[in-house]
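Scroll down for the structure; my scribbles are underneath it.
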Amino acid sequence: MRRQLVAGNWKMHGSLEANSSLLQALVAAAPAACDVAVCVPFPYLAQAQQLLAGSSIALGAQDCSMHEQGAFTGEVSAGMLREFGCGYVIVGHSERRSLHGEGDAAVAAKAERALAAGLIPIVCVGETLQQREQEQTEAVIGLQLDAVAHLLGRHAARIVLAYEPVWAIGTGRSASAAQAQQVHAFMRARLGHRGVDAGSVPMLYGGSVKPDNARELFAQPDIDGGLIGGASLKAADFLGIVDAARSH
Ligand code: PGA
């Protein structure tokens, strides 16, 4: 039985003051019965770790190095994230893939480092609008998944996948529940063909999830929660989305 997970991706947003009120509001609401995580910018990990201590809300980061340690100026290792209490790390977000040139091999290497450090990687996949219009959605996502299939083969329940259509991220234009479900079902089938126990892999949907569309998305049989960008910065919206997940 897969549990629902709602993970906030703050991206490059926040300040000590804003984080403090946001996290205090989340902790006060004490979400339970589904897993909740917030993935914060690196400098705020210590603050978030402190404010979330003793709560059921897990901490995560938004990226990690593919290397264990060494002369990699500006990089942050998975082991360092673990030291600050992280349980999750997002890898292969489309913004990293497109703005920082991260390819499938780098994403797989980061996921492997995260696993080795005891973190759960949230591996993002998704197609651009152009790829969707050219009917390449399954081909693109298939290759993105193949790159991590060997890891999923060993750790199916310790890796989270997030389907995030690039055209739905930050645009206010979510995929419909039917579109998202179709891709999620394809992802399970593809992984099944690669010998992965696909039924135990948690799969999130991300891209313009809001309190008013979350319920229908999360009701789909192959969708196990959401990766939430913009709406994770407002306590009321994020908690509304958590509520939607809780009811499944
Ligand atoms: P969004 O972002 O919810 O603002 O569309 C989702 C994401 O990028 O993870």
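One-based numbering, in listed order, for ligands and for the atoms of each. Computed from a predicted model, the values in this text were never measured in an experiment.
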Ligand-side contact atoms (ligand 1) for residue partner [X], heavy atom cut-off under 4.0 Å:
X    : result
A168 : 5 (O)
G207 : 5 (O)
I169 : 2 (O), 5 (O), 8 (O)
K11  : 2 (O), 7 (C), 8 (O)

Verdict with supporting geometry, D243 and R215, salt bridge (Lys or Arg N to Asp or Glu O under 4.0 Å): CA-CA 9 Å; D243 254 354; R215 204 167 295 273; 5.7 Å; no
Nearest-contact summary for [atom] - protein heavy atom, Å:
atom                   : answer
atom 3 (O) of ligand 1 : G229 N, 2.9 Å
atom 9 (O) of ligand 1 : E164 OE2, 2.7 Å
atom 4 (O) of ligand 1 : G230 N, 2.8 Å

Electrostatic pair R132-E127, nearest N-O below 4.0 angstrom: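 Yes, R132 and E127 are salt-bridged.
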Location of contacts on N9 toward ligand 1, heavy atoms closer than 4.0 Å: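 The side chain, only.
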Evaluation steps, side chain to side chain donor-acceptor pair (under 3.5 Å), between H184 and Q220: CA-CA 9 Å; H184 280 236; Q220 304 305 308; over 6 Å; no
Non-hydrogen atom of S208 closer than 4.0 Å to ligand 1: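 Contact present.
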Non-neighbouring partners of H13 that pass side-chain contact (heavy atoms from CB on, under 4.5 Å), sequence neighbours left out: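 With sequence neighbours excluded, H13 shows a side-chain contact (heavy atoms from CB on, under 4.5 Å) to K11, L233, given in chain and number order.
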Verdict with supporting geometry, D63 and K110, salt bridge (Lys or Arg N to Asp or Glu O under 4.0 Å): CA-CA 8 Å; D63 186 30; K110 289 178 176 207; 2.9 Å; yes
A231, G170, G226: member with heavy atom nearest to atom 5 (O) of ligand 1: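 When every heavy atom of A231, G170, G226 is considered, G170 comes closest to atom 5 (O) of ligand 1.
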Among H93, E95, R173, K210, closest by any non-hydrogen atom to atom 8 (O) of ligand 1: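 Ranked by closest heavy atom to atom 8 (O) of ligand 1, first place is H93.
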H193 NE2: over 12 foreign heavy atoms closer than 6.0 Å: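 It does not: H193 NE2 has 12 such atoms or fewer within range.
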More than 12 heavy atoms from other groups under 6.0 Å of CD on Q134: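 Enclosed.
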Under 3.5 Å side-chain donor-acceptor pair for Q4 and D224: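 Side chains of Q4 and D224: no pair found under 3.5 Å.
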